[in-house]
Amino acid sequence: MRRFTEKDFSTKKAAEQALLDILNPLKPFYGESGARLYLGATSAHYENDTIPMEAFARPLWGLVPFWAGGGSDREFEEIYRKGLEAGTDPRHPDYWHTCRDYDQKFCEMAAVAFGMLFCPEKVWEPLSEQGKDNLTEWLWEINRHECCACNWQFFSIMTNVALYKAGRPYDKKRLEEGLECIDAYYDAGGWYNDGNGGDKDYYNPFVMVTYGMVYARFMEKEDTERCRRFMERALAFGKDYIYWFSEDGSSFAYGRSMTYRFAQAAYFSVCALCGVEVFPLPVLKGIIVRHLVHWLNLPIWDNADILTIGYAYPNLQMSESYNAPGSPYWAMKAFMFLGLPEGHPFWDADCAPLPELEARKYLEHADMVIQRGKGNVVALVPGRQKADGHSHTVEKYSKFAYSSKYGFSIMRSNLTLPECAPDSTLVFGAYGYYFVKDVIGPDVTVSGEKISFSWTPVRGIRVRTVIEPTESGHVRTHEITSEIECAAYDCGFALSTDDRKPFERSARGAEAGVHNGDGYCIVRSSKGEGKGEILIPDPNTNLMNSKTTIPMTVYQIRPGTQVIQTEVEYL
């Protein structure tokens, strides 16, 4: 993939070309009918037959705004006209088939519905009358089956709104039920839980807040009061969400679905598209453009310039069970701004820097404390109180700190410390294994001054942890009550130690540290007689860098109750 700069997004024509440069490499991999896109051989938990259909649908998140804004690419237009006809025709060999409860195809229906709403002249009107009937019948499958009680409710909402706006039969009862679910998931300050008891993570900008703006754009007359609420929530959310972004355009890795990468900026892009003035247009443009430039220049492509599963580089280790070869193209949601017409003030705006933000910000409704340093945004979090069945949720939600510069690491196994790769957490070596923090107890408190919670890594060990942010990092104090003798390792961030670039790692006395050209992380025992040590985890365990080193302080834990304390500094 070529190098991108801010100039590639300075005009509408340049931004359209950037989109096509990303999507054009897909063209050789569409099947003859256009209905299936074949990008790889790996599987997801859903049917293998669905994988090429998902890959077909997800580029629409970029193509639809491109078309809606006046862009044209005849080859893609023909692929998707033919593909929608073939994929929904029960007599065609590439038919997408009917659905089941909780079917992955419901997620992809939202992309088709988005196209019907924003760009019917490319996605709906070119279809034959039989094709329109077939697409209507196929989309109705979402009304015949159960849909996951989380952000997926918006997929049902968008599908029924699209059918309604196309003058086709829609399920009014199912639409209202979905909207009631979304309202029930709302907390405060613009933030939703992803389902009852679900997490507050990137699914707010990926779907919850973002689709609320899309709904309001098309249903303001029919559902005025709810649309007003959706817009109010979107405005409130942005005032918090901007704190997740660094001056260089990056945002911190946190939670699941990290392979969707630059979909992190979808919220700001939809704000621009839907006229939600959460920030002035130059600020919105600056956030979007810097984010895209940051991502597009990372090694996230394969040798055919196809987006890979992974984060800052290809990495199946960190993937979810629902990530198939086409899944990463959900990232194209960041290109919603392409729906703005030529002549819109967005295209003439300069890329303004971020507004002045507080160096430390307590996000009350996201249950986290944000620290903003030089090119690094760190979120201090207590963790989660409820486990779920997604992949690696312990690493994705339960560490002490998450960084835009250093990402986080994923455990390969808990048999050895290098396989465990326990960055930004406290790990116990006991019973021949290594155990980290999973869920926390109900006695959690979060404020701008400290985060406090209790947890149990393994039977016989109970921990009360207090995290206090400082100007240069944070301090962790752990009160440990143990029935056994064991070792505890309090770990800092995993920093890149690529042998092709200079770095230093050292451990002396109670301190250990890693320095490289991008920054540093130092850990220091200030209570409990900890010893500084260096851990070299297995390669490819970190989301940001394939070879890393973790500084840590090591404590000997005896039966009874004792207090250990670690100072963590980073840049």
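What you are looking at is a predicted structure, and each value in this text was computed from that prediction instead of being measured.
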Are Trp301 and Tyr313, when compared by the centres of their aromatic rings, separated by less than 6.0 Å? no
For ring pair (Phe, Tyr, Trp, His ring centres under 6.0 Å), just list the numbers for Phe106 and Phe155, CA-CA rounded to whole Å, side-chain angles, deciding distance to a tenth of an Å, and then say yes or no.
CA-CA 6 Å; Phe106 299 156; Phe155 306 154; 9.0 Å; no
Result for side-chain contact (heavy atoms from CB on, under 4.5 Å) between Val214 and one of Phe230, Phe118, Phe154 points to Phe118
Are Arg2 and Phe4 in a cation-pi contact, defined as NZ or CZ under 6.0 Å from the six-membered ring centre and within 45° of the axis? yes
(Q) Whether the side chain of Lys82 engages the backbone of Glu32 through a donor-acceptor N/O pair (distance < 3.5 Å, no angle test) should be reported. (A) yes
Do the numbers put Arg233 on top of the ring of Tyr186, so that NZ or CZ is under 6.0 Å from the six-membered ring centre and no more than 45° off the axis? yes
Quick check, are the ring centers of Phe56 and Trp96 under 6.0 angstrom apart?
yes
Does NZ or CZ of Lys239 lie under 6.0 Å from the centre of the six-membered ring of Phe279, at an angle within 45° of the ring axis? yes
Paired with Pro25, the side-chain contact (heavy atoms from CB on, under 4.5 Å) test is passed by just one of Leu307, Ile306, Asp302, namely Ile306
Ring centres under 6.0 angstrom apart (Tyr402, Phe408): yes
Neighbour count above 12 (heavy atom, 6.0 Å) for Lys27 NZ: yes
Do Tyr260 and Tyr329 have their ring centres less than 6.0 Å from each other?
no
Centroid separation under 6.0 Å, is that true for the rings of His145 and Tyr102? no
Is the CD atom of Glu220 crowded by more than 12 outside heavy atoms at less than 6.0 Å? no
Closest non-hydrogen contact found for Thr88 with Gly131 is OG1-O, 4.2 Å
Tightest non-hydrogen contact, residues Cys181 and Gln153, listed as CB-CG, 3.9 Å
Q. Taking atom CG of Asp183 as the centre, does the number of heavy atoms from other residues, nucleotides or ligands within less than 6.0 Å exceed 12?
A. yes
Closest non-hydrogen atoms of Glu6 and Val293, given as atom of the first, atom of the second and distance, are N-CG2, 3.8 Å
Review point. Can a cation-pi geometry be assigned to Lys285 and Phe346, taking NZ or CZ under 6.0 Å from the six-membered ring centre and within 45° of the ring axis?
Key: yes
Using ring centroids (six-membered ring only for Trp), state whether Phe237 and Tyr267 fall under 6.0 Å. yes
Heavy atoms of Met318 and Thr259 approach each other most closely as CE-N, 4.1 Å
* Looking at the rings of Phe252 and Trp244, which for Trp means the six-membered one, are their centres under 6.0 Å apart? -> yes
Here the pair of heavy atoms bringing Ala216 nearest to Met231 is CB-CE, 3.8 Å
Check: For Glu222, does the CD atom sit with more than 12 other heavy atoms under 6.0 Å from it, leaving out its own atoms?
Finding: yes
All heavy atoms of Ala324 vs all of Tyr46, minimum pair found to be CB-OH, 3.3 Å
Next on the checklist: salt bridge (charged side-chain N to carboxylate O under 4.0 Å, His left out) for Arg256 and Asp194? Distances and angles first, verdict last.
Outcome noted: CA-CA 12 Å; Arg256 67 189 181 97; Asp194 188 15; 3.0 Å; yes
